[in-house]
Each structure stands twice: as structure tokens, then as C-alpha cells.
Amino acid sequence: MACQQTCGIDDIPADTLEDCSQLVKQNSIQGCKSNDVQIVYTPWGNLKKTASMEVGQVGFHDEKLRRYTKVARKSNDILNRLEKTRRELQPDFKTEKEVCCSLQPPCTHAAFDVYAPDG
């Protein structure tokens with residue numbers, strides 16, 4: 001999710017967070033089959049990945065920057081609305097990160113990853 005430059009992790013609007021959480025639940029192998037799914041989200045700069053980690057496994061540089069939200073049930077209304085506006089893009093994440101970091105001080109990056117802990 002890309003935010004404006006002044007956006008922080010706690011500034012994500014509730015409806016946007018719900019949309020992202022519904023997508024994560026829908027695209028999770030285990031989450032799409034369950035109710036009351038806990039979603040973990042953090043700024044992308046807080047994600048920690050080492051060569052020794054399994055595929056899909058991540059850690060965090062600062063545990064205090066983790067946030068949680070819960071999706072009680074799948075919302076077909078939200079998912080159908082999002083599907084109608086879906087666009088397939090192939091962004092260059094490395095370039096976007098470099099541009100983002102050059103515009104902002106460290107640890108206030110504008111892009112966030114939302115993911116389920118189960119992969």
C-alpha cells in the first residue's frame with residue numbers, strides 16, 4: 001500500500017485497512033478457509049529477511065512497529081468492489097524504494113506491506 005509522504009502506519013484510514021485485510025484473507029491459503037483471521041502489518045522498512053529464512057518467512061527489525069487487525073468474515077461486497085478496479089502492474093520495487101527513501105527520512109517510509117503470518 002502506498003501512502004502520501006506524511007502518512008504513518010497509524011494514519012492508515014480504517015476503510016483502507018479493511019480493504020487490504022480482506023485481500024490478504026482472500027489470498028491466504030489458510031486464511032480464506034477461516035473466520036477471525038489475525039492480520040499483521042508493518043512498514044516495509046521494518047521487514048527483516050535473511051538468507052537462512054524459509055520461503056515466505058519474515059522477521060521484524062523493531063517488534064514495536066508491528067500492528068494487528070482482525071478479519072471476522074469474508075466480505076464479498078468489498079472483494080467484488082476491489083475486483084472491479086483491479087489492475088495488474090509490474091512495478092520496479094527497488095527503484096520505488098530508492099525514490100521513496102530519497103524523499104523521506106529513515107523509518108517513515110510511505111509504503112507498507114500487509115500480510116498474513118500464515119503466508
Side-chain angles (χ1 to χ4, degrees):
M1 183 188 118
C3 290
Q4 300 298 321
Q5 290 182 3
T6 58
C7 179
I9 192 165
D10 295 320
D11 299 327
I12 299 171
D15 57 336
T16 302
L17 187 57
E18 177 66 19
D19 288 355
C20 291
S21 299
Q22 286 289 334
L23 287 172
V24 170
K25 178 179 173 20
Q26 179 67 19
N27 292 305
S28 169
I29 293 169
Q30 291 177 322
C32 69
K33 301 172 188 172
S34 306
N35 289 327
D36 296 321
V37 176
Q38 185 176 33
I39 307 293
V40 180
Y41 63 104
T42 191
W44 57 260
N46 190 40
L47 292 174
K48 178 178 166 183
K49 180 74 175 172
T50 63
S52 64
M53 291 180 166
E54 296 290 326
V55 173
Q57 181 183 6
V58 294
F60 305 98
H61 294 289
D62 184 354
E63 297 290 329
K64 294 177 186 174
L65 291 177
R66 282 191 308 182
R67 301 293 187 271
Y68 299 91
T69 188
K70 187 172 264 188
V71 178
R73 308 190 71 89
K74 178 170 109 172
S75 172
N76 284 325
D77 292 340
I78 291 174
L79 294 170
N80 290 338
R81 176 178 49 82
L82 293 173
E83 184 62 33
K84 289 178 186 176
T85 61
R86 180 180 182 161
R87 292 183 299 153
E88 294 285 333
L89 303 174
Q90 300 298 322
D92 181 355
F93 291 115
K94 183 178 179 183
T95 302
E96 287 187 21
K97 181 177 179 180
E98 289 170 357
V99 169
C100 179
C101 289
S102 70
L103 297 174
Q104 298 178 31
C107 299
T108 59
H109 304 296
F112 295 89
D113 286 332
V114 181
Y115 64 94
D118 68 308

*asked:* Taking salt bridge (charged side-chain N to carboxylate O under 4.0 Å, His left out) as the definition, give me every residue that meets it alongside Glu83, ordered by chain and number, with sequence neighbours left out.
replied: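 Per chain and number, Glu83 pairs via salt bridge (charged side-chain N to carboxylate O under 4.0 Å, His left out) with Arg86.
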*Quick one: list whatever passes salt bridge (charged side-chain N to carboxylate O under 4.0 Å, His left out) with Arg73, sequence neighbours left out.*
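Salt bridge (charged side-chain N to carboxylate O under 4.0 Å, His left out) list for Arg73, sorted by chain: empty.
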Using the side chain to side chain contact (heavy atoms under 4.5 Å, CB included) criterion, which residues pair with [X]? Sequence neighbours excluded.
X	answer
Gln26	Lys74, Leu79
Asp36	Lys70, Ala72
Lys94	Asp92, Glu98
Ile78	Glu18, Asp19, Gln22, Ser75, Arg81, Leu82

_Which residue is it: Val40, Leu47, Asn46? I am looking for the one with a side chain to side chain contact (heavy atoms under 4.5 Å, CB included) to Val58._
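Among the candidates, only Leu47 passes.
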_Ser21 side-chain N/O to Leu17 backbone N/O, donor-acceptor pair under 3.5 Å_ =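 Such a contact is found between Ser21 side chain and Leu17 backbone.
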_Tell me whether Thr69 contacts the main-chain N or O of Ile39 through its side chain, where contact means a donor paired with an acceptor under 3.5 Å._
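Looks like no, no N/O pair under 3.5 Å.
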*Measure the CG-SG distance between Asp15 and Cys20 for me, rounded to the nearest 0.5 Å.*
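It is 10.0 Å, given to the nearest 0.5 Å.
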*List in chain and number order the residues that pass side chain to side chain donor-acceptor pair (under 3.5 Å) with Thr85, two or more places apart in sequence or in another chain; answer none if no residue qualifies.*
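If we apply the side chain to side chain donor-acceptor pair (under 3.5 Å) test to Thr85, skipping adjacent residues, there are no hits.
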*Can you list the other members of the hydrophobic cluster that holds Leu89, where links are side-chain heavy atoms under 4.5 angstrom apart?*
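When side chains under 4.5 Å apart are linked, Leu89 ends up in no cluster with other residues.
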*asked:* Set out, in order, the CA-CA distance, both residues' side-chain angles and the distance that settles side chain to side chain contact (heavy atoms under 4.5 Å, CB included) for Tyr41 and Ile12, then state yes or no.
replied: CA-CA 11 Å; Tyr41 63 104; Ile12 299 171; 4.2 Å; yes
*How would you list all residue pairs meeting salt bridge (charged side-chain N to carboxylate O under 4.0 Å, His left out) that involve residues 45-65, not counting sequence neighbours?*
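Every salt bridge (charged side-chain N to carboxylate O under 4.0 Å, His left out) pair that includes a residue of residues 45-65, provided the two are not neighbours, is Glu63-Arg66.
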